[in-house]
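Atoms within each ligand, like the ligands themselves, are counted from 1 in listed order. The first residue of the sequence shown is numbered 1, and numbering continues consecutively from there.
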Amino acid sequence: MPPPTAIITGASSGIGLALTKHLLSRNWNVIMADVNPPQEKLDKTLFIETDISSWDQQASMFKRAYEWNERLDFVALNAGIDDRDDVFHSISGDPKKPPRRPGMKTIDVNLTGTYYGIKLAAHYLSLPSSTATKPQPGGKIVLTSSAAGLYPQPVIPQYAASKHALVGLVRSMASVAKPHNITINAVCPTLVRTSLPPPGLLETFPPDKITPMRTILRAFDELAELEREEWRGGGGESGGVDFS
Ligand SMILES: NC(=O)c1ccc[n+]([C@@H]2O[C@H](COP(=O)([O-])OP(=O)(O)OC[C@H]3O[C@@H](n4cnc5c(N)ncnc54)[C@H](O)[C@@H]3O)[C@@H](O)[C@H]2O)c1
């Protein structure tokens, strides 16, 4: 009988990798979707190279992921990148040098790619499953937003706008997802010790303002109900991993 199965985008490093290991310790199977391969080979995972900003790539990843176990229980739409443009620092002051078309990759990945993921997750989570440990269609979606999704961030406005948009999507979709037995939530960490923050930034932050990985994993536990008894049906360990 296939154990509970999750898709995690941006699973090859940072928060996504920590969440992958957390789920593996609870006997889940995990599809790791990322533009980059993971640095280590993990049992009970399937890596699928995916750029989430491409609909075709993400649709093909979900199809393969579902076919792996013919079940899907939890989707963590976690992949994200920082700002790739600036507005006010690039003003030329020269009438012959108007602005060039801005880079919009941050919106393409963080917002459009995550929206694609919600659309696909809703479909595959809703498919009937014949496994006893998934008695009815439905499941859990958790987006990785940010404290930048709640507060202004003058240095990274596209990033902040994309993360605000994820909070807006959750607030707008939660009630319509519910009748489909799907919950949709977001985690909003402050700074986290991963490769995402620019070099030197973490050192300028008071340590108590940095979100520990174990706090984020606890949030995923709550929002995706990872401790649910029926999801332990595969007989895995329930101890988890200490990522503090
Ligand atoms: N680190 C922080 O301070 C912090 C704080 C709040 C929120 N977040 C959010 O957490 C999430 C994870 O970031 P992280 O801190 O673990 O950073 P990270 O850079 O360690 O991990 C991000 C992963 O996403 C992958 N990725 C990037 N673009 C992708 C794409 N187009 N398609 C698929 N995968 C892609 C990268 O290869 C990488 O493995 C992001 O959404 C980020 O915005 C991070």
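Near Val109, with a cut-off below 4.0 Å to any heavy atom, the atoms of ligand 1 are 31 (N). Near Gly80, meaning under 4.0 Å from any of its heavy atoms, are these atoms of ligand 1: 40 (C), 41 (O). Of all the atoms in ligand 1, the ones that sit under 4.0 Å from a non-hydrogen atom of Pro197 are 1 (N), 3 (O). For ligand 1, the atoms sitting less than 4.0 Å from at least one non-hydrogen atom of Ile81 are 27 (C), 28 (N), numbered in the order shown with element in parentheses. Interface atoms of ligand 1 facing Asp51, defined by a heavy-atom separation under 4.0 Å, are 30 (C), 31 (N), 32 (N). Every atom of ligand 1 with a heavy atom of Thr50 under 4.0 Å away is listed here by number and element: 32 (N), 33 (C). When each atom of ligand 1 is checked for a heavy atom of Ser195 under 4.0 Å away, the hits are 18 (P), 19 (O), 20 (O).
The shortest separation from a heavy atom of Lys163 to ligand 1 is under 4.0 Å, placing the residue in contact. Residue Thr211 places no heavy atom under 4.0 Å from ligand 1. Within the 4.0 Å heavy-atom cutoff, Ala147 does not count among the residues contacting ligand 1.
In summary, the side chains of Thr5 and Asn69 do present a donor paired with an acceptor at a separation below 3.5 Å, with no hydrogens or angles considered. Counting only N and O atoms by type, the side chains of Ser162 and Asn110 include a donor and acceptor under 3.5 Å apart.
With rounding to the nearest 0.5 Å, the separation of CE in Met32 from OG1 in Thr20 is 4.0 Å.
The single protein non-hydrogen atom nearest to atom 16 (O) of ligand 1 is Ile15 N, 2.8 Å, given as residue, atom name and distance.
The nearest non-hydrogen atom to atom 15 (O) of ligand 1, considering only Leu166, Ile156, Ile52, Thr194, comes from Thr194. Considering Leu17, Leu196, Ile210 only, the shortest heavy-atom separation from atom 44 (C) of ligand 1 involves Leu196. Considering each of Gly10, Pro189, Ala11, Ser13, the one bringing a non-hydrogen atom nearest atom 20 (O) of ligand 1 is Ser13. Residue Asn78 holds the heavy atom nearest to atom 40 (C) of ligand 1 of all those in Val192, Asn78, Thr144.
Here the side chains of Ile141 and Leu77 are in contact, with some heavy-atom distance below 4.5 Å.
Here Trp55 pairs with Tyr116 under the ring-ring contact (aromatic ring centres under 6.0 Å, His included) rule; sequence neighbours left out. Under the ring-ring contact (aromatic ring centres under 6.0 Å, His included) criterion, Tyr66 pairs with Tyr124, sequence neighbours left out.
Of the polar atoms of Ser146, none of the N or O atoms is found under 3.5 Å from an N or O of ligand 1, judged by distance alone.
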